[in-house]
Protein chains: 2
Amino acid sequence: MVRKRFPDTHCSVARALNDVGDWWSLLVVKEAMLGTRRFVDFQQNLGIARNILCDRLARLLENGVLIKQDVGEHGTRYEYRLTEKGRDLFTVVTALRQWSDRWNGESDGPELVDRANGEPVRTVTVQSSDGRALDVRSVVYRDSSETDSAAG
Amino acid sequence: MVRKRFPDTHCSVARALNDVGDWWSLLVVKEAMLGTRRFVDFQQNLGIARNILCDRLARLLENGVLIKQDVGEHGTRYEYRLTEKGRDLFTVVTALRQWSDRWNGESDGPELVDRANGEPVRTVTVQSSDGRALDVRSVVYRDSSETDSAAG
DNA sequence: TGGGTACGGTTTCGAAACGCAACCGAATTG
DNA sequence: CAATTCGGTTGCGTTTCGAAACCGTACCCA
């Protein structure tokens, strides 16, 4: 049950999408970031079909985004938890969330605040070496062999 | 040809994925950020099937991520260009690219540098109101009605 | 000891999406 | 007039998805 993918592509973005590029994977990761750890909770909170959830969890395990722990307190219990690699998707998920809020209107979902002081987090941006916010037109994709390709 | 989606979900991430959540959409956007504008170039550079490209372009037009311009210089010519909404995905694409490079190894793809001084861009992070880098465990998803839900 | 329930799946099957290749119409080139 | 380019569209077979049913294990309770 493996979609045709591009494991050996030269493109980093495509390789990232190999791991989390389909519809549900990133939602599973986002749900895990909200604290969800158990199969049934993922299934109910996301409204995902069981077999699809099974497949996505397995793939995220393979890709090292999640780990599976047996916590056999009451019957068969497993916990799916984010690895360091999975937690590192926080930036991606947050950027995506903010983008959606900017362009598709604010959601009534939870607000993301700094645990230390309760203040909202900043808008995620790409920054230059000295901290200026950069948009796509203020950068260049420079190949190692050639210098070209205006972006935008 | 419309997959079951969640246009009225309360989740911002899911709503973002409605626009760019399938396998090819974000790759089309990324390709556009590299300067690609014409149908055949998208098709060849991405290796995408024509009908799928057609569908994705149409959807990205609908969603306001791309615009289509008739540039009838030599026969039938159109250009697909990013809108402001589309260009605003730069942060997401860059965060995804950096994540992939961190965890799946460096690619031999182009390097992203500041057009102004040629220096590489910073690692994209979520920042607190005073500029500290935040990971998923140092934030809280605070609902408007309740305060809960440790993240991680 | 036996029934009920929760959990974590797997199986089945129809529907949708995908990938490939062939075809198409308009315009440009030769 | 034929050949080519561009931007698609159409058919068709394969893959994936989604919903619901089913399954095995481990508890709970009596």
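Residue numbers begin at 1 in each chain, while the letters A, B, ... track the order of the sequences. Worth saying up front: this structure is predicted, and the values here are computed from it rather than measured.
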**Student:** I want to check a possible cation-pi pair here: B/Lys68 against B/Tyr80, using under 6.0 Å from ring centre and within 45° of the ring axis as the test.
**Tutor:** no
**Student:** For the side chain of A/Arg38, starting at C-beta, report the closest nucleotide among C/dG19, D/dA20, C/dG8.
**Tutor:**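 In terms of side-chain proximity for A/Arg38, the closest of C/dG19, D/dA20, C/dG8 is C/dG8.
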**Student:** Could you check which of D/dA19, D/dG7, C/dG9 has an atom nearest any side-chain atom of B/Tyr78?
**Tutor:**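 Among the listed nucleotides, the one closest to the side chain of B/Tyr78 is D/dG7.
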**Student:** For the pair made of CG in B/Leu53 and C1' in D/dG7, what is the distance, rounded to whole Å?
**Tutor:** 10 Å
**Student:** D/dG7 C1' sits how many Å from B/Arg56 CZ, rounded?
**Tutor:** 17 Å
**Student:** Flag the pair A/Asp88 and B/Arg102 as a salt bridge only when some basic side-chain nitrogen lies within less than 4.0 angstrom of an acidic carboxylate oxygen.
**Tutor:**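 Between B/Arg102 and A/Asp88 there is a salt bridge, with a charged N closer than 4.0 Å to a carboxylate O.
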**Student:** Which of these nucleotides, C/dC20, C/dA6, D/dA19, is closest to any side-chain atom of A/Ala49?
**Tutor:** D/dA19
**Student:** Taking atom types as modelled, is there a side-chain donor on A/Trp23 or B/Asp22 under 3.5 Å from an acceptor on the other?
**Tutor:** no
**Student:** Round to a whole Å and report the spacing from CG of B/Leu46 to C1' of C/dG19.
**Tutor:**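 Atom-to-atom, B/Leu46 to C/dG19, this comes out as 15 Å.
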**Student:** In the structure I gave you, are the side-chain heavy atoms of B/Glu106 and A/Ser12 within less than 4.5 Å of one another anywhere?
**Tutor:**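 Sidechains of A/Ser12 and B/Glu106: no contact.
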**Student:** Picking from C/dC7, D/dG7, C/dT10, which would you name as closest to the side chain of A/Val40?
**Tutor:** C/dC7
**Student:** Counting heavy atoms from C-beta on, name the nucleotide in D/dT9, C/dG8, D/dG7 closest to the side chain of B/Cys54.
**Tutor:**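 Shortest atom-to-atom distance from the side chain points to D/dT9.
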**Student:** If you only use heavy atoms from C-beta on, which nucleotide in D/dT5, D/dA19, C/dG19 is closest to the side chain of A/Asn51?
**Tutor:** D/dA19
**Student:** Side chain of A/Trp24: nearest nucleotide among D/dG8, D/dG18, C/dC18?
**Tutor:** D/dG18
**Student:** Rounded off to whole Å, could you give me the CD1-to-C1' distance for the B/Ile52 and D/dT10 pair?
**Tutor:** 13 Å
**Student:** Rounded to whole angstrom units, what separation is found between the CH2 atom of A/Trp23 and the P atom of C/dC18?
**Tutor:** 13 Å
**Student:** Nearest-Å distance, CD1 (B/Ile48) to P (C/dG19)?
**Tutor:**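 From B/Ile48 CD1 to C/dG19 P: 7 Å.
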**Student:** What is the separation between atom CZ on B/Arg37 and atom C1' on D/dC6, rounded to the nearest whole Å?
**Tutor:**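 After rounding, the gap between these two atoms is 18 Å.
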**Student:** Indicate whether any N or O donor in one side chain lies under 3.5 Å from an N or O acceptor in the other, for B/Thr36 and B/Glu31.
**Tutor:** yes
**Student:** Taking 4.0 Å as the cut-off, does a side-chain nitrogen or oxygen of B/Arg50 come that near to OP1 or OP2 on D/dG7?
**Tutor:**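 Checking D/dG7 against B/Arg50, no side-chain N or O comes under 4.0 Å of OP1 or OP2.
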**Student:** What is the separation between atom NZ on A/Lys68 and atom P on C/dG8, rounded to the nearest whole Å?
**Tutor:** 9 Å
